[in-house]
Amino acid sequence: MEEITLTPEECVALDERRQKVFEFLDCHGIQYTWYEHPASPTIEIARTHWRKDGSKHCKNLFFRNHKGDRHYLVCFDCEQSMVIHDLEHKLHQGKLSFASEKRMLKWLGLQPGSVSPFGLINDPERHVHLFLDAALRDLPSYSFHPNDFRATVVISREEFMKYLSIVGNSYEFIELY
């Protein structure tokens with residue numbers, strides 16, 4: 001795998017996004033652990049850096065509806081694949097497409113490669129709806145980027161559910177595959 005080179009400005013921006021996540025979690029008494037690793041904007045790259053900690057690593061995709069007035073974050077087991085056409089039928093939200101980088105920045109305060117449910121802290125309007133795969137409901141812990149693809153947060157299901165209740169965006173568990 002090719003190593004990713006970041007500019008000093010990109011590193012500072014990622015550091016700030018990560019720190020904002022940690023401050024939010026700490027402020028609300030949400031327990032988690034985390035570790036750093038080389039830049040990993042894709043599951044394929046990240047997989048080489050994951051620790052064997054028993055958590056389920058999640059893939060996170062950001063979509064918009066056909067009109068562009070609704071946005072959805074879809075979180076599922078990284079070992080699964082997702083076909084947009086199938087996803088449209090499962091979510092019952094009409095035609096979907098990947099949201100642009102501009103929309104991702106506006107609604108989640110993130111850039112590609114760093115998308116995770118922790119981006120919801122950047123959505124004070126609670127515009128983005130989160131769809132979680134039902135298979136995640138019974139797992140003990142999850143792993144996500146802390147809005148920085150150079151680190152991984154491990155959080156228990158209970159603490160993650162606490163996070164979702166505090167952040168306040170709508171969410172639901174749904175059978176995705």
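Being a predicted model, the structure only gives us computed values, none of them experimental. Along the sequence shown, residues carry numbers from 1. In what follows, every heavy atom counts, from backbone to side chain, and hydrogens, waters and symmetry copies are set aside.
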Closest heavy-atom pair, I30 versus E159, reported as atoms and distance to 0.1 Å, is CA-OE1, 3.2 Å
query = Would you say the side-chain atoms of D123 pair up with the backbone N or O of V128, donor to acceptor, closer than 3.5 Å?
reply = yes
If two hydrophobic side chains count as joined below 4.5 Å and joins carry through other members, does F131 share a cluster with Y171? no
Worksheet item: If we only count heavy atoms from C-beta on, is the D133 to Q80 side-chain gap below 4.5 Å?
Response: no
Residue pairs meeting salt bridge (Lys or Arg N to Asp or Glu O under 4.0 Å), one or both in residues 85-113, sequence neighbours left out, come to none
- Are F118 and Y163 close enough that their ring centers fall under 6.0 Å? yes
Applying ring-ring contact (aromatic ring centres under 6.0 Å, His included) to Y142 and not counting sequence neighbours gives F160
Heavy-atom nearest pair, A151 first then P146, reads O-CD, 3.1 Å
Within the supplied structure, the quantity of interest is the number of heavy atoms (other residues, nucleotides, ligands) at a distance under 6.0 Å from H28 NE2; does it exceed 12?
yes
Original post:
Under 4.0 Å between a Lys/Arg side-chain N and an Asp/Glu carboxylate O for D138 and R157?
Top reply: no
State yes or no: are the ring centers of Y32 and F22 separated by less than 6.0 Å?
yes
Practice item. Classify the angle between the aromatic ring planes of H89 and H85 as parallel (below 30°), tilted (30 to 60°) or perpendicular (above 60°). Key: perpendicular
> Just by modelled atom types, is the G29 backbone N or O under 3.5 Å from a matching donor or acceptor in the K162 side chain?
Replying inline: yes
4.5 Å side-chain heavy-atom contact, N122 and N147
yes
Distance col, row L73:CG vs L132:CG, nearest 0.5 angstrom, shows 8.0 Å
Here the pair of heavy atoms bringing L87 nearest to M82 is CD1-SD, 3.8 Å
Residues Y72 and Q93: closest non-hydrogen pair is OH-OE1, 2.8 Å
Value for OG (S143) from CH2 (W34), rounded to nearest 0.5 Å, stands at 14.0 Å
Taking the side chain as every heavy atom from C-beta outward, state whether V115 and M104 have any pair of such atoms under 4.5 Å apart. yes
- prompt: With ring centroids as reference points, do F98 and F63 lie under 6.0 angstrom apart?
  reply: yes
Residues at least two apart in sequence or cross-chain that pass salt bridge (charged side-chain N to carboxylate O under 4.0 Å, His left out) with D77, listed by chain then number, are K56
Do H129 and S170 pair up side chain to side chain, a donor and an acceptor below 3.5 Å, judged on atom types alone? yes
What I'd like to find out is whether the side chain of F149 reaches to under 4.5 Å of the side chain of L110, using heavy atoms alone. no
Q: Look at E79 together with R47 and state whether they make a salt bridge at an N to O cut-off of under 4.0 Å.
A: yes
P117 and C75 have their tightest heavy-atom pair at CG-SG, 4.5 Å
More than 12 heavy atoms of other residues, nucleotides or ligands under 6.0 Å from CD of E158: is that the case?
yes
